[in-house]
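Everything on this sheet refers to the single structure shown next.
We count ligands from 1, going down the list as the structure has it; atoms in each ligand are counted the same way. Here, residue 1 is the first one in the sequence, and each next residue gets the next number.
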Amino acid sequence: MKAVIANDHGAVALAKEVIEHLRKRGIGTVYLGTDSEESVDYPDYAEKAVMEFRNGGYDFGVLLCGTGIGISISANKMKGIRCALPQDSYAAEMTKRHNNANFIAFGGRISYKEPVGNILDAFIDASFEGGRHQKRIDKMMALEGR
Ligand code: RB5
């Protein structure tokens with residue numbers, strides 16, 4: 001498995017944690033920064049990650065900002081992206097099973113009720129169910145550009 005990771009200045013420490021977690025699981029990582037606390041703009045990092053993801057060979061992407069909100073909204077503006085912002089491991093599992101999310105976002109300034117690594121694992125270990133969910137995803141993606 002391989003993942004692309006990017007974040008703004010609001011989630012530098014959490015991005016490091018995520019990368020370490022993925023590496024421990026044997027998942028390949030390509031990290032696009034920022035690795036500095038200096039202020040940057042989260043849409044730039046969402047764009048970098050999605051452009052890299054589109055080069056192919058990736059199973060998913062991880063995006064992080066202070067809340068996870070700005071960077072996930074930005075990614076979701078780009079064609080073909082379904083970036084989930086799960087609050088816990090239940091939501092992370094379900095977004096793979098039902099939404100077939102290809103990106104997952106987290107907030108570096110958010111207090112999660114469980115370790116982010118567990119939330120990430122729930123996403124990684126789940127599989128898309130297809131069937132009626134594919135029909136809904138087709139409808140969702142048809143909304144792009146409207
Ligand atoms: C940056 O200060 C902050 O706005 C950003 O990290 C994020 O939380 C936006 O949604």
Among T29, L32, N55, whose side-chain contact (heavy atoms from CB on, under 4.5 Å) with V4 holds?
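The single option meeting the side-chain contact (heavy atoms from CB on, under 4.5 Å) with V4 is L32.
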
Determine the minimum heavy-atom distance between F106 and I119, stating which atoms define it.
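Reported closest heavy-atom pair: CE2-CG2, 3.6 Å.
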
What is the closest protein heavy atom to [atom], and at what distance does it sit?
atom	answer
atom 5 (C) of ligand 1	D8 OD2, 3.2 Å
atom 10 (O) of ligand 1	G70 N, 2.8 Å
atom 3 (C) of ligand 1	R109 NH1, 3.9 Å
atom 8 (O) of ligand 1	T67 N, 3.0 Å
atom 9 (C) of ligand 1	Y42 CE2, 3.4 Å
atom 7 (C) of ligand 1	C65 SG, 3.3 Å
atom 1 (C) of ligand 1	H9 NE2, 3.5 Å

Consider salt bridge (Lys or Arg N to Asp or Glu O under 4.0 Å). Of R136, K135, K96, R97, which one does E129 pass it with?
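Testing E129 for a salt bridge (Lys or Arg N to Asp or Glu O under 4.0 Å) against R136, K135, K96, R97 leaves exactly one candidate, R97.
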
Centres of the F53 and F60 rings: under 6.0 Å?
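No.
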
Taking 4.0 angstrom as the limit and counting only heavy atoms of G66, give me the atoms of ligand 1 inside it, by number and element.
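Close to G66: 5 (C), 6 (O), 7 (C), 8 (O).
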
Are the side chains of M78 and M51 in contact, using a 4.5 Å heavy-atom criterion?
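Answer yes - side chains close enough.
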
Please evaluate residues E114 and S89 with respect to the criterion side-chain hydrogen bond (donor to acceptor under 3.5 Å, both in side chains), reporting the C-alpha separation (whole Å), side-chain torsions for both, the decisive distance (0.1 Å), and the verdict.
CA-CA 8 Å; E114 57 191 311; S89 52; 2.9 Å; yes

